[in-house]
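Working notes, beginning with the structure itself.
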Amino acid sequence: MKLPLPPQSETGLMYRANELSGATLGEIAHSLNIAIPANFKHHKGWTGQLIEKALGATAGSKPEQDFADLGIELKTLPLDYQHKPLETTYVCYAPLTNLVGTTWLTSSVYNKLQKVLWIPVQGEREIPPDERMVGSPILWQPTPAQNQLLKEDWEELVELIALGKVESITARTGQVLQLRPKAANGKALTEAIGINGEKIRTRPRGYYLRKNFTQQILNNAF
DNA sequence: GGCTGATCATGC
DNA sequence: GCATGATCAGCC
């Protein structure tokens, strides 16, 4: 397999995604001439980056959808033996300042989640990375009910951030969406709003989808 | 055993 | 530091 070019259509993208289903990460990595780590202790994003390359996504750290032309975001989803999500799903970086005027419909969370290509992958730690199998792709768009849940959580979280209560937000806040630390380490700091409206320094945060939410997506797909 | 908070790698 | 790709691992 040569390094794929970006897909020109949704149909083309789905065709490639279906071709990957049933293959192991080792087979895919081998065809792309990519080295396979023994575990993910030091290569946490390896699976996602492998699938990105296999599907022709433009690697990078742009705050956009993976296939911006197609309006599609790509996410791998690690599953356990019961086909349930093993991990929460990172959505995007969380702005902690300049929130005046931001709305759900203009948020990065909304933008990223309006169309997602989910690629399930076996994720049990006892399965070596090269033996993990890729499952059937799921092209998902949130239902009105799912969008409402996301909107409610997003608005609650943004309001707390805007009111200077970011330090009081824990991973327990939110029904389907969470705000959690997202940084290289505990020393990373970014600007946020304090309880008296002053500037403070805090750990950078990111938005994550809870497992109950991605589980629901899987259930509706099969 | 599951979850929250912490952490790893990479590019710019 | 920001933003992407996420999983690790200690604590409850």
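Just so we're on the same page: letters track the sequence lines, and every chain starts at 1.
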Toward the 5' end of DNA chain B, by each residue's nearest nucleotide, A:K84 or A:T170:
A:K84
Assert: residue with more 5' nearest nucleotide on DNA chain B, out of A:N185 and A:E87, is A:E87
Of A:A188 and A:P78, whose nearest nucleotide on DNA chain C comes first from the 5' end?
A:A188
Result for 5'-nearest mapping on DNA chain C, choosing between A:Y208 and A:L189, is A:L189
Flag side-chain contact, heavy atom, 4.5 Å: A:V166 against A:I200
yes
Minimum-distance nucleotide to [X] side chain [options: [options]]:
X: A:A183; options: C:dT4, C:dC2, B:dT7; answer: B:dT7
X: A:Y93; options: C:dT4, C:dG1, C:dA9; answer: C:dT4
X: A:T190; options: C:dT4, C:dG5, C:dG1; answer: C:dG1
X: A:T88; options: B:dT4, C:dC2, C:dG5; answer: B:dT4
X: A:K182; options: C:dA6, C:dC8, C:dT7; answer: C:dA6
X: A:R180; options: B:dC3, B:dT4, C:dA3; answer: B:dT4

Is any side-chain N or O of [X] closer than 4.0 Å to OP1 or OP2 of [N]?
X: A:R210; N: B:dT4; result: yes
X: A:Q49; N: B:dA9; result: no
X: A:K62; N: C:dA3; result: no
X: A:K211; N: B:dC3; result: yes
X: A:R132; N: C:dT7; result: no
X: A:T76; N: C:dA6; result: yes
X: A:H42; N: B:dA9; result: yes
X: A:K187; N: C:dG1; result: no
X: A:K44; N: B:dA6; result: no

Answer yes or no on whether A:K182 is positioned over the face of A:Y90, meaning its NZ or CZ is under 6.0 Å from the six-membered ring centre and within 45° of the axis.
yes
Closer than 4.0 angstrom, basic N to acidic O: yes or no for A:E87 and A:R180?
no
So what does [X] hit on the nucleic acid, given a heavy-atom distance under 4.0 Å: a base, only sugar-phosphate, or nothing?
X: A:F40; answer: sugar-phosphate
X: A:P181; answer: base
X: A:G45; answer: base
X: A:R172; answer: sugar-phosphate
X: A:E73; answer: sugar-phosphate

Spacing of [X] atom [atom1] relative to [N] atom [atom2], expressed in whole Å:
X: A:I36; N: B:dA9; atom1: CD1; atom2: P; value: 19 Å
X: A:R205; N: C:dA6; atom1: CZ; atom2: P; value: 22 Å
X: A:L74; N: C:dA6; atom1: CG; atom2: C1'; value: 12 Å
X: A:R125; N: B:dG1; atom1: CZ; atom2: P; value: 13 Å
X: A:Q82; N: B:dG2; atom1: CD; atom2: P; value: 9 Å
X: A:L209; N: C:dA6; atom1: CG; atom2: P; value: 12 Å
X: A:E64; N: C:dC2; atom1: CD; atom2: P; value: 18 Å

Does either side chain, that of A:R203 or that of A:T190, offer a donor lying less than 3.5 Å from an acceptor on the other one?
no
Checking A:Q141 against A:Q114: is there a side-chain donor and acceptor pair closer than 3.5 Å?
no
Only one of A:Q65, A:E73, A:E10 clears side-chain hydrogen bond (donor to acceptor under 3.5 Å, both in side chains) with A:K115; which?
A:E10
Angle class for the A:W104/A:W154 ring planes (parallel below 30°, perpendicular above 60°, tilted otherwise)?
tilted
